[in-house]
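All remarks here apply to the structure that follows.
This is a predicted model, so every value here is computed, not measured.
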Amino acid sequence: MMDKKYFFFDIDRTLGLDISQVIPADTVYCLRRLQQEGHFIAIATGRLQCDGWRTAHRYGIPSMVSDGGNSLTLDGKVIEMEGLPMENCRALLHELERRHLPWAIFPDNTLLRYTPYEEFRHLGQANLFTTVVQPIDIDQVQRIYKLVHVRPAPGDPPLSTYGLSRLPYITNTYLVEPTDKGAGIRRLLAHIKARPEDAVVFGDGLNDLAMFVPPFFRIAVGNARPELKERADFVTKANDKGGILYACRKFGWL
């Protein structure tokens, strides 16, 4: 048998078509064949664990780095799950309150988000989550996995990040979440006593930059952002054109 490889795949626009979580048939075949050949396969996603697991479980992928590297799932069991630094989150939330900028938090590993603002029912990909509107005592919140808030108006003073990773989100919001998939991959490899140089990562977007680092072997799908392609060891075809299967055959993993 060839040397065992440890594959980590982003979901949206890498495995899945756009953000649909629908994986093309040729990629599903590839994932199954990689496992049959004795390789390790896992997802590496920015999604919250419960959200990423819907895709992983549906397609028989047993392991996962999720929540931007803060959560690890191995053989179907969550072995690590860490929230954002609470002091930093509380400082940000208090500033948002002072400036009357609506916000919502994900305090549990569920698709429920909580907010004191009625208008947040229609902000930040509201169709993907259930929004619970209720009073929230910021200083009593014990855990936050993700945080979404409205951006300041043009010309207003910028917001401090308070040391948190922040990404532009839809409907004039920011998404605050962990963004180091690479660190999560290294921790999962350590759990299974695998060498980082045997890892292969597939991605497409800016949140994949943190895992496109040596010694991982880095493959960008053809529809990837230019910044990611620049860091790739190989650029394959687009994810809807058989790119993952093409790369795995090219390097003899199948």
The single option from Leu31, Thr45, Thr55 passing side chain to side chain contact (heavy atoms under 4.5 Å, CB included) against Leu15: Leu31
Show every donor-acceptor pair shorter than 3.5 Å between a side-chain atom in residues 238-254 and any protein atom, with sequence neighbours excluded, or say none if there are none.
| unit_1 | atom_1 | unit_2 | atom_2 | d |
| --- | --- | --- | --- | --- |
| Asn239 | ND2 | Arg13 | O | 3.3 |
| Asn239 | ND2 | Thr14 | O | 3.3 |
| Asn239 | ND2 | Gly16 | O | 2.8 |

side-chain contact (heavy atoms from CB on, under 4.5 Å) assessment of Leu164 paired with Cys89: CA-CA 8 Å; Leu164 300 165; Cys89 288; 4.3 Å; yes
Donor-acceptor side-chain pairing of Arg47 and Ser66 below 3.5 angstrom: no
Reported CG-to-CG distance for the pair Leu17 and Asp12, which is rounded to 0.5 angstrom: 10.5 Å
His57, NE2: over 12 other non-hydrogen atoms inside 6.0 angstrom: no
Heavy-atom neighbours of Arg143 CZ exceed 12 at 6.0 Å: no
Six-ring centre of Tyr174, Arg166 cation under 6.0 angstrom, axis tolerance 45°: yes
Tyr117 and Trp103 aromatic ring geometry - parallel, tilted or perpendicular at 30°/60° bounds: perpendicular
ILVMFWY network linking Phe216 to Phe9, side-chain heavy atoms under 4.5 angstrom: no
Separation of Tyr114 OH from Ile105 CD1 (nearest 0.5 Å): 9.0 Å
Extract all donor-acceptor atom pairs below 3.5 Å that involve side chains of residues 22-29 and protein atoms in other chains or at least two apart in sequence.
none

Option passing side chain to side chain contact (heavy atoms under 4.5 Å, CB included) with Tyr145 (candidates Asn70, Leu48, Thr110): Leu48
Qualifying residue, where the test is side chain to side chain contact (heavy atoms under 4.5 Å, CB included) with Leu93 and the options are Leu147, Asn88, Asp139, Val176: Leu147
Please tabulate, one pair per line, all N/O donor-acceptor pairs under 3.5 Å involving side-chain atoms of residues 148-158, not counting sequence neighbours.
| unit_1 | atom_1 | unit_2 | atom_2 | d |
| --- | --- | --- | --- | --- |
| Arg151 | NE | Thr173 | O | 2.9 |
| Arg151 | NH2 | Tyr169 | O | 2.7 |
| Arg151 | NH2 | Thr173 | O | 3.3 |

NZ/NE/NH1/NH2 to OD/OE distance under 4.0 Å, Arg231 and Glu227: no
Heavy-atom pair with the smallest gap, counting every atom of Arg121 and Thr131: NH1-O, 3.3 Å
Pair Lys181 + Asp208: basic N to acidic O under 4.0 Å: yes
